[in-house]
Trainee: 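Submitted below is the structure of interest, expressed as structure tokens.
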Amino acid sequence: MSYPYQIKSLDQYHEVYKQSVENPEQFWAEVAATFRWKKPFDKVLEWNFKEPNIEWFGGGQLNITENCLDRWAESQPDTPAIIWESNDPAEAGRTLTYKELLAKVNQFAHVLKNNGAKKGDRICIYMPMVPELAIAVLACARIGAIHSVIFGGFSAQSIADRINDASCNIVITADGGYRGNKQIPLKAVMDEALIQCDTVQKVIVLNRTNTPVSMLKDKEVWWEEEILKVEHAGNPFFEAEPMESEDELFILYTSGSTGKPKGVVHTCAGYMVYTNYTFVNVFQYQPGDIHFCTADIGWITGHSYIIYGPLSAGATTLMFEGIPTWPDAGRFWEIIDKYHVNILYTAPTAIRSLMSFGLDVLKDKDLSSLKVLGTVGEPINEEAWNWYHYHIGKGNCPIVDTWWQTETGGILISNLAGVTPQKAAYATLPLPGIQPLLVDENGHIIAGSNAASGELPAETVSGNLCIQFPWPGMIRTTYGDHERCRQTYFSTYQDLDFTGDGCFRDQAGNYRITGRVDDVLNISGHRIGTAEVENAINMHTGVVESAIVGYPHDIKGQGIYAFIIYQGETLDNDSIAHDINQTITRLIGAIAKADKIQFVSGLPKTRSGKIMRRILRKIAEGETENLGDTSTLLDPAVVDEIKNGRR
Ligand code: PRX
């Protein structure tokens, strides 16, 4: 196996980048030609950002699983595809070679068909981090069904909203899952969700925890029993469904600035080409390397860099069921030592959390196999970057700071490990094919901010980060609501895709992402919409109104600060605050719990009734002096009260 498009030097990067922006179609056509097509594409790109309409590799037919499985099962059948490490260090891990993984995906593709699944169906997957989760995802892709994976930490209500939004007809889940010393009753949560879901006809349940579960006759079936039926039928091969390039591959829900999560849609060919290209280049993967991405498959990072990127490159991907701090804070380091991991890809929040446990847990761990380190999900502070660099990478491993989003499908801005320069806290340079630029509030392009123009700024500039040209992995629509996609990303600035992030660009052309400029928070690298949390809080009995802002948090990056107007007795504020957090957990999930709750008698509002979040944000950050102009407020006195009651 070799990767003809893997960039090997800084000069080559500059050359390839130039070609990719001068002739993007030729550039991507050459990358795409290295994949297995059932029918070659005849039109590389058609696009406009107005509607938007984005079509890559038109006329082509393929199945992503043939690219992730069959071609490697033929050329390197015994190479490990997935190495799985259990939550429990005492439980044996599992390794699935490419040949074995293909066989299991074929089996489960039959199970899906036997249970009525068809091409184009939406299938909800709510599972723990076990190999069967990857198998379920790939089996959906093999039969041409659209998977919608929901992170195991989401509540019944969130699951129901997502299943209903996509009208899923099949659900794949498990009796339960292990996370550290906790057991998550996945099936019971799903049962509660399904009370609200009329479209679901079949539920396939994996036995992971031996938890007693309710199983409804005809509708709910055990994974293991269904597999036995396929085995009895002689385990026939499953011919991968031919898919058009632009057929939908999956939906993944993410938070936006309104209360309702958006179903980000990715399509077959472009997503495959892009995750593969970025995986091979950013991490500089070499055959035989073991790649350990610590994300959950319920998030985009898991989709792109545990499953599709690595497998489409014939790589070995390590999947870990547990959490970094259980049984102790040395778990990641133990796994690296045990499997001789070469590439570690994790989130700044995990690094900060592990830093806080000190260096003792590192003492007896051999981390010398590591070659490349990566981070994703939020800006990384220099302290965490340095700790990662010196204590984990021993000063020898390049760190790739990868900036991207659920909507971008794969990494857009990052250094290439050991090939292009790294700079602490900077995502640095755009990948080939990516044309970022910065705009000011009025939509004017900031001089020297446009990478594709080749110009550099005279001094560091800042603005809102936009992308001016499509790339294969980009969002195609928001499921069932194309207008929302247009409005959210393509209407703020004309002919530009607006990312929602603020950004700097230095004189050397490096980009540094500073964080969201909209009402979206980034809590431990997870996106949470303020409106979503406010809606949940407002459902709590006694709550009149609420406003959520982010504030700097040592471990999570950002914490949630809630200002709440509560009607009635607040004699025991702490206990009401706990109850409110219970409601958030029930309606969204524990990840959206407020870190601080302050009860207030009013919120700072303009005369037109708009909450002045700028003021609340400053107070939450501890700034009580320079709150800016408060004269336009309906009731300026409320600001003093809020300042005085700060938590
Ligand atoms: O604000 C940026 C931040 O995470 C957001 C995307 O979140 P999500 O769609 O959940 O995807 C996370 C994993 C790709 C972005 O808008 N973000 C992501 N990576 C970085 C980052 N901020 C700074 N530096 C990064 N490397």
Side-chain angles (χ1 to χ4, degrees), residues 149-151 153-154 250-257 261-266 271 274-275 278-279 282 293-306 308-309 345-352 373-382 384-385 388 399-415 422-431 434 436 462 464-467 473-475 478 488-489 497-505 510-530 532 550 556-558 589 591-592:
V149 183
I150 302 179
F151 171 61
F154 277 116
F250 67 85
I251 306 170
L252 187 59
Y253 285 85
T254 187
S255 296
S257 44
K262 306 182 273 261
V264 172
V265 172
H266 286 288
Y271 177 81
Y274 197 69
T275 52
T278 51
F279 172 74
V282 171
C293 166
T294 70
D296 191 287
I297 289 173
W299 308 107
I300 191 71
T301 307
H303 281 60
S304 300
Y305 299 108
I306 296 180
Y308 288 114
Y345 189 31
T346 193
T349 187
I351 298 168
R352 287 191 299 265
L373 303 175
T375 71
V376 58
E378 53 179 313
I380 179 162
N381 48 313
E382 283 193 39
W385 194 96
Y388 201 30
I399 297 181
V400 289
D401 178 348
T402 64
W403 174 82
W404 58 297
Q405 310 176 302
T406 307
E407 293 85 346
T408 69
I411 299 163
L412 295 202
I413 303 181
S414 172
N415 50 315
Q422 64 191 20
K423 182 168 177 185
Y426 278 74
T428 73
L429 302 173
L431 273 275
I434 303 305
S462 75
N464 289 342
L465 178 61
C466 296
I467 318 289
M474 74 185 293
I475 183 174
T478 43
T488 312
Y489 309 106
D497 175 358
F498 175 43
T499 65
D501 278 325
C503 186
F504 291 128
R505 188 174 196 225
N510 293 308
Y511 292 92
R512 174 182 189 151
I513 282 70
T514 49
R516 306 287 308 188
V517 294
D518 52 10
D519 289 330
V520 173
L521 306 180
N522 190 328
I523 313 295
S524 299
H526 300 315
R527 254 159 83 171
I528 314 255
T530 52
E532 230 178 305
K556 297 175 165 189
Q558 255 188 331
I591 47 171

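Sequential numbering from 1 along the given sequence is applied to the chain's residues. Read the numbers this way: they start at 1 and go in the same order the structure lists the ligands and their atoms.
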Trainee: Please walk me through it: do Phe154 and Ile591 pass side chain to side chain contact (heavy atoms under 4.5 Å, CB included)?
Mentor: CA-CA 8 Å; Phe154 277 116; Ile591 47 171; 4.1 Å; yes
Trainee: Less than 4.5 Å apart, side chain to side chain, heavy atoms only: is that true for Ile150 and Tyr253?
Mentor: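 Heavy-atom side-chain distance check fails, nothing below 4.5 Å.
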Trainee: With rounding to the nearest 0.5 Å, note down the distance linking OG1 in Thr408 to OH in Tyr271.
Mentor: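 Taking OG1 in Thr408 and OH in Tyr271, the distance rounds to 9.5 Å.
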Trainee: Using the rule given for side chain to side chain contact (heavy atoms under 4.5 Å, CB included), can you reason through Thr499 versus Trp403, listing the C-alpha separation, both sets of side-chain angles and the distance that settles it, and then say yes or no?
Mentor: CA-CA 11 Å; Thr499 65; Trp403 174 82; 3.6 Å; yes
Trainee: A side-chain contact here means heavy atoms from C-beta on lying under 4.5 Å apart; do Arg516 and Asp501 qualify?
Mentor: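 When only atoms from C-beta onward are counted, Asp501 and Arg516 do touch, with a gap below 4.5 Å.
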Trainee: If the criterion is any heavy atom closer than 4.0 Å to an atom of ligand 1, which residues make the list?
Mentor: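 Ligand 1 is contacted, at a heavy-atom distance under 4.0 Å, by Ile300, Thr301, Val376, Gly377, Glu378, Pro379, Asp401, Thr402, Trp403, Trp404, Gln405, Thr406, Asp501, Ile513, Arg516, Asn522, Arg527.
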Trainee: Report the relative orientation of the aromatic rings in His526 and Phe151; use parallel for angles under 30°, tilted for 30 to 60°, perpendicular for over 60°.
Mentor: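 Because their plane-to-plane angle lies in the 30° to 60° range, the rings of His526 and Phe151 count as tilted.
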